[in-house]
There are 2 protein chains.
Amino acid sequence: MLSDRQQLILNAIVDNYIHTAEPVGSRTISKREDIGFSSATIRNEMSDLEELGYLEQPHTSAGRVPSTKGYRFYVDNLIQPHLLNEEDLVKLKQLFAEQIFHAEQVVEYTAQILTQLTNYTAIVLGPEIFEHKLRNVQIVPLNEAQAVAIVVTHTGRVENKLIDLPEGIGASEIEQLVNLLNHRLADVPLWQLRQRLYQEISGEMKRHTEQYEEMLQILDQSLIQEETERVCLRGATKILNQPEFRDVDKVKDILELLEQNDQLLHLLGGQANGLTVRIGQENQLDAIKQCSIITTSYSLGGKPVGMVGILGPTRMEYGRVITVLNHLTEGLSRMLTSQFEK
Amino acid sequence: MLSDRQQLILNAIVDNYIHTAEPVGSRTISKREDIGFSSATIRNEMSDLEELGYLEQPHTSAGRVPSTKGYRFYVDNLIQPHLLNEEDLVKLKQLFAEQIFHAEQVVEYTAQILTQLTNYTAIVLGPEIFEHKLRNVQIVPLNEAQAVAIVVTHTGRVENKLIDLPEGIGASEIEQLVNLLNHRLADVPLWQLRQRLYQEISGEMKRHTEQYEEMLQILDQSLIQEETERVCLRGATKILNQPEFRDVDKVKDILELLEQNDQLLHLLGGQANGLTVRIGQENQLDAIKQCSIITTSYSLGGKPVGMVGILGPTRMEYGRVITVLNHLTEGLSRMLTSQFEK
DNA sequence: GTTAGCACTCCTAGCCAGCGAGTGCTAAAT
DNA sequence: ATTTAGCACTCGCTGGCTAGGAGTGCTAAC
């Protein structure tokens, strides 16, 4: 375990490096107000900290830079609570005041605000589909062969899908089918839909229509669960502001990664609920081994339904970002819950 | 006007620069098979071409680089038809073979293929909403205060919007309203909807319901035209592969511009139909004065309904990109027309 | 245990010379 | 009158060299 003084010094170094992006020398630390030791003492401690793996030296005659292990200790033990300024709080309040809630819009708006507040890249994953319950199904024929199937959830989310109509299906039969669906499947969670469809509807349908097979075919097409979640990325170019990413080769891989929507989910990294920090080397993907990601989840009525994440350099302002994220997810959860649980 | 030999040389220089990204010297040109003159002769011609504004010299003892004027002449007069290789043609055919057509998907798929084929950034603007006719309207109540309004067009596109319900509106009244709408407004182009609403429906509605004002309020909310067009960007990071954009400062502005969805429309630059090339300085936006954009439109039944654009360095392979775009828009138009005009 | 002092390391900026690609001009060749 | 060979000149780029400075590690004194 690190001594109190070692912790004090490690904290000072990480702090300094986060704000300057320059290797930190012993004299810089000894000049700080909260440190009462000479540079020589600091040097000895720094040497020890390096040996323990908390610091690294770019080259012999340079200052020290925190290692992944150093950041990890900083995040786990040293971070001090950060107070948001008035301006930032106002922006967050505005977000939560958005009474006109619409899943897609809130996701984008949230990502926008997050990237503004933090100056890092924001990734927001919308409320997950399998928590949604069916409100209403519509099937709108376009011509003889095609129709649009529309599924509305109790949260107001709308999914739609183009489907092929089997030959010889009339408008009245479709209408009948839709009525049956709405009658029987209302309030069924989306992920249970297909299962319930076969359980409850098929018997009834056999009685009502001769074209049982064709109908089932329509339904099967209509209710295929959307694979792509609603994930939204904002502020990808923020990384270009960081001095350690002045090199095109270094950012190229990162930006290419962020271009792939399906990779964004991997970045958020599964349904961990609560706040998670992944620092530098701790990340799976090579492209972002020089970055840190802070993720957290927000919930509806106690159950986590979505995630938000902030991607920045390892030299990220962890304290501030964590505070912002906590404020945000708290507000978001409160808002979601009050809106849909009544 | 330029002499034949001047044109030959300008063509050779642009050609060479496009492929090497290095200033072109007189000896390089004189060595080309299609040129039968010594380097000295080339030097004299180059000097003339520079004086006329077609070439520029980064510094005294460097080769020449085409100016915007030079590229312009090249594009307008010198470009040679480019043949696509088998592989590329197959990819394009695959796109057109997509029978399962869905506006949103085709836009994304098209952008993806374009960026793959050209290795530049692709921007695709989906079929414009005002060409779409109303097929069906639905209003699905979520709770006492809110509902989702859904508009389906004859092309199978689905727009949805969360609306607030006035107090005291019952489900039966909404149903009545929806029936009336579908009966009266089917096949009306979306952009005429509100106008026709007031013309045709209001009289009838006064008769049928006492809550005329409230109903109108619902409709007004439901039919607000979506401001954001379906625009899709792919391959933004391709620019990072270009040697002239190895500098973070140079790409930062470009990437930040591409992050803003509303700016993408400006890039495509209005409803010019037919193929347009905007080269370097000719671009309005400062951020892309070092880039060129080639745009063109595709059509449904003769009327242009969408656009595609390719963004690359001024040193772009104009011939190849133009060929790809022509193939694409031709196929896309044919596909759209055959699908919806029957 | 702490700190002042000092030799040492190593990066960085600046300077300079040499190289080479390329030009422009002139004079000879066609 | 063109075209071309020849040559001097320009200028960016590379590599080697040096001086400066920030920072370290060690030792010895406090």
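Protein chains get the first letters and strands the later ones, always in sequence-line order, with residue 1 at the start of each.
Here the C1' atom of nucleotide C:dG22 and the CD atom of B:Glu22 are 13 Å apart, to the nearest Å. Rounded to whole angstrom, the span from the CD atom of A:Glu51 across to the P atom of D:dC26 amounts to 10 Å. Across the protein-nucleic acid pair, B:Ile29 atom CD1 and C:dT23 atom C1' stand 15 Å apart, rounded to whole Å. Distance B:Ile42 CD1 to C:dG22 P: 13 Å, rounded to the nearest Å. Rounded to an integer number of Å, the gap from B:Gln57 CD to D:dC11 P is 10 Å. As rounded to whole Å, 16 Å separates atom P of D:dT10 from atom CZ of B:Arg43. Going from atom CG of B:Asp48 over to atom P of C:dC25 covers 11 Å, rounded to whole Å.
Across all strands shown, B:Thr41 has heavy atoms under 4.0 Å from base atoms, whether or not it also approaches the sugar-phosphate. Counting any heavy atom pair closer than 4.0 Å across all strands shown, B:Ser39 reaches no nucleic acid atom. Nucleic acid contact for A:Ala62: sugar-phosphate only, since backbone atoms but no base atoms lie under 4.0 Å from a heavy atom of the residue.
Listed by first and then second residue, the ring pair (Phe, Tyr, Trp, His ring centres under 6.0 Å) pairs that reach into residues 13-70 of chain A are A:Tyr54-A:Phe73, sequence neighbours excluded.
Counting atom types as modelled, A:Arg27 pairs no side-chain N or O with a base atom of D:dG21 as donor and acceptor under 3.5 Å.
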Task: Verdict with reasoning, B:Ile254 to B:Leu258, per side chain to side chain contact (heavy atoms under 4.5 Å, CB included) - done: CA-CA 6 Å; B:Ile254 300 174; B:Leu258 295 179; 4.3 Å; yes
- [ ] Test A:Glu244 against A:Gln290 for side chain to side chain contact (heavy atoms under 4.5 Å, CB included), laying out the working first.
- [x] CA-CA 9 Å; A:Glu244 57 265 63; A:Gln290 305 223 38; over 6 Å; no
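In this model, the phosphate group of C:dA21 is not approached by any side-chain N or O of B:Arg64 to a distance below 4.0 Å at OP1 or OP2. Proximity of B:Arg5 to the phosphate of D:dT3: a side-chain N or O atom is located under 4.0 Å from OP1 or OP2. When the side-chain nitrogen and oxygen atoms of B:Ser61 are compared with OP1 and OP2 of C:dT23, none of them lie within a distance under 4.0 Å. The phosphate of D:dT4 (OP1 or OP2) has a side-chain N or O of B:Ser38 nearer than 4.0 angstrom.
Of the residues near DNA chain D, B:His59 and B:Asn44, the one whose nearest nucleotide (by heavy atom distance) lies more toward the 5' end is B:Asn44. Sequence order on DNA chain C of the closest nucleotides to B:Gly63 and B:Ala40 puts B:Gly63 first from the 5' end.
Residue A:Arg72 qualifies as enclosed at atom CZ: its count of foreign heavy atoms under 6.0 Å is above 12. Around the CG atom of A:Asp262, the shell of radius 6.0 Å holds more than 12 heavy atoms that belong to other residues, nucleotides or ligands.
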